[in-house]
Protein chains: 2
Amino acid sequence: MADQTAGLRRTQLGDIAPIQNLPLRMQIAERLRTAIISGRLQPGAVLVETALAEQMNVSRAPIREAIQILENDGLVETIAYKGKRVKPLSAREVEETYGLREIFEVSAAQRILDRNVSVAPLWECCEAMEKAVHDDNYEALVAADEAFHRTLIQLSDHELLLSLWNNLYMRIHQIMALRNRGERNLAEIAGNHPPIVKALESGDREIATQLIARHTRALAEFDPASIAEFPE
Amino acid sequence: MADQTAGLRRTQLGDIAPIQNLPLRMQIAERLRTAIISGRLQPGAVLVETALAEQMNVSRAPIREAIQILENDGLVETIAYKGKRVKPLSAREVEETYGLREIFEVSAAQRILDRNVSVAPLWECCEAMEKAVHDDNYEALVAADEAFHRTLIQLSDHELLLSLWNNLYMRIHQIMALRNRGERNLAEIAGNHPPIVKALESGDREIATQLIARHTRALAEFDPASIAEFPE
DNA sequence: ACGCTGCATACTGTCGACAACTAACAATCA
DNA sequence: TGATTGTTAGTTGTCGACAGTATGCAGCGT
């Protein structure tokens with residue numbers, strides 16, 4: 001039941017694709033989420049249900065439910081009877097987002113140390129990272145970096161923490177997409193990883209904590225002017 | 001436009017009240033949320049949209065949206081095309097919930113120490129607590145306890161953390177309601193608070209962290225058998 | 001007895017139309 | 001002029017009906 005007129009219609013976000021048998025709200029939510037975290041839909045952008053419904057050739061109900069989901073993700077904000085928009089990102093929120101990341105990573109490290117978990121998977125991530133640096137493959141580098149941090153959280157063996165992490169990382173993706181390409185020093189920042197793993201391996205709590213905190217703060221550096229403010 | 005037939009109808013969750021001008025979905029979400037965290041709707045309970053709609057005399061749309069909101073809160077779980085139910089609480093989830101609480105409180109304490117924030121508000125909470133103990137007022141005791149912990153988070157001056165905390169505490173309320181009255185030692189546990197504040201005041205990082213961790217773990221004690229498991 | 005097929009049922013998912021609300025602007029009157 | 005009140009346009013909120021999906025059971029064939 002593919003939509004045969006898809007190619008003819010002016011389409012900003014594209015038609016919904018009948019790829020899977022998931023409910024429409026999920027396909028729509030996924031599509032909107034991608035648009036937001038990629039920066040295509042910028043903070044402050046207004047989401048009008050009727051317009052989206054028409055663009056995607058669905059009724060308003062699944063659109064509304066999809067937007068609800070995104071609201072849960074913290075990507076969209078609703079003002080009753082007035083409208084919905086992509087949540088504005090204040091400098092403070094960006095800062096707090098990275099602050100939370102630091103909290104999560106440091107806490108995960110504590111748990112790893114408390115439980116004597118093997119850090120072998122982290123070494124693997126470091127190797128993947130080195131390879132990406134050697135190949136000068138930026139895509140792979142970003143992926144490997146994310147894998148390293150996610151692995152750190154996973155090793156802490158705390159599912160709730162992991163799900164919070166996934167949500168947080170989504171917003172970090174959005175922030176990174178909105179920045180004017182901070183890729184320059186990513187490779188250099190990647191060099192921080194092995195010492196962290198080494199500290200974890202040798203059970204050095206203090207050092208590990210400090211290294212992670214410093215690493216996270218390095219990642220948080222950004223040009224505040226590059227994130228537009230949408231007050232009101 | 002109050003519903004004049006409200007008194008006649010059999011009603012399990014009660015009719016929705018036209019108290020405020022909030023959208024129905026919010027009133028319904030609030031009502032369901034209360035029912036869940038109070039334990040009236042137990043984990044595993046199935047939520048049937050049509051039934052709820054009939055009970056509350058509204059259409060299914062706001063019911064669906066309300067359930068979405070509760071899903072975001074982590075209180076309800078949806079299985080596409082099958083149904084929705086109050087999220088089952090495994091022993092592991094309960095444990096992780098308190099683990100997260102520990103992470104949040106310890107991290108908040110670190111931030112308070114990092115920034116030399118005045119802990120005066122915490123002393124006030126301690127006083128309210130003592131008064132409740134002296135009056136043998138259990139309600140006030142619970143409220144004061146919650147106020148203490150929320151204040152700790154608030155002093156860390158991190159809005160994202162605070163909102164995560166509010167969500168977490170909601171689920172802790174639910175867990176407490178499902179336990180067979182663990183009130184016995186609450187007064188005694190309350191005695192842990194002043195030492196924590198003292199440690200924070202004197203900037204003793206190590207002690208503060210340990211006291212908070214121990215306090216949180218004391219709160220987490222529970223009879224695993226008192227929380228039903230709903231596998232499948 | 002066993003497995004398959006095809007209803008029947010009880011839900012959730014989706015739709016299109018209508019109601020309610022807000023904000024902005026025009027018209028009215030002191 | 002300036003404040004107040006209609007009025008209208010644009011949006012979200014709500015509804016009732018219909019379509020789609022999963023599950024259990026009856027009936028059939030082997």
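Everything numeric in this text was worked out from a predicted model, so none of it was measured. Proteins come first, then strands; the chains are lettered A, B, ... in the order of their sequence lines, and each starts at number 1.
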**Study point:** Whole-Å distance separating the CE atom of Met26(A) from the C1' atom of dT21(D)
**Key:** 14 Å

Study note, to complete from the structure: Closest of dT11(D), dA23(C), dG13(C) to the Pro23(A) side chain is dG13(C)

Check your understanding: How long is the line joining CD1 of Ile67(A) and P of dT11(D), in whole Å?
Key -> 13 Å

Check your understanding: Nearest-Å distance, NZ (Lys84(B)) to P (dT12(C))?
Key -> 7 Å

Study note, to complete from the structure: Note: for Gly83(A) and Ala61(A) on DNA chain D, the residue whose nearest nucleotide lies more 5' is Gly83(A)

**Study point:** For atom CZ of Arg60(B) and atom P of dG16(C), their distance in whole Å
**Key:** 16 Å

Point to revise | Value in whole Å for how far the P atom of dG20(D) lies from CZ of Arg25(A) | key: 17 Å

Revision key, fill the gap. Among the nucleotides dA22(D), dT12(D), dC15(C), whichever has the atom closest to the side chain of Tyr81(B) is dA22(D)

Exercise for review: Starting from C1' on dT14(C), measure out to CD1 on Ile63(B) and report it in whole angstrom.
Suggested key: 17 Å

Study note, to complete from the structure: Which of dC15(D), dC11(C), dC18(D) is nearest the side chain of Thr50(B)? It is dC11(C)

Check your understanding: Going by heavy atoms in the side chains, are Leu70(B) and Arg33(B) under 4.5 Å from each other?
Key -> yes

Exercise for review: Could you state the atom-to-atom distance from CG of Leu22(B) to C1' of dA20(C) in whole Å?
Suggested key: 14 Å

**Study point:** Inter-residue atom distance His215(B).NE2 - Arg101(B).CZ, 0.5 Å rounding
**Key:** 6.0 Å

Practice item. Tell me what Leu47(B) touches on the nucleic acid: a base, only sugar-phosphate, or nothing, going by heavy atoms under 4.0 Å. Key: sugar-phosphate

Exercise for review: Can you figure out which of dC15(C), dT12(D), dT23(D) approaches the side chain of Lys82(B) most closely?
Suggested key: dT23(D)

Check your understanding: Where each residue is assigned the nucleotide of DNA chain C containing its nearest heavy atom, which of Glu49(B) and Ser59(A) is assigned the position nearer the 5′ end?
Key -> Glu49(B)

Exercise for review: Mind listing the closest non-hydrogen atom pair of Ile103(A) and Arg111(B) along with its distance?
Suggested key: CD1-CD, 4.3 Å

Exercise for review: Measure the CG-CD1 distance between Leu219(A) and Ile175(A) for me, rounded to the nearest 0.5 Å.
Suggested key: 11.5 Å

Review point. Between Tyr169(B) and Trp165(B), how do the two ring planes meet: parallel, tilted or perpendicular, split at 30° and 60°?
Key: tilted

Point to revise | First encountered from the 5' end of DNA chain C, between Ala80(A) and Glu65(A) | key: Glu65(A)

Practice item. Measure from the side-chain heavy atoms of Arg64(A) and tell me the nearest of dG13(D), dC15(C), dC15(D). Key: dG13(D)

Revision key, fill the gap. Rounded to whole Å, CD1 of Ile79(B) lies from C1' of dT12(C) at a distance of 12 Å

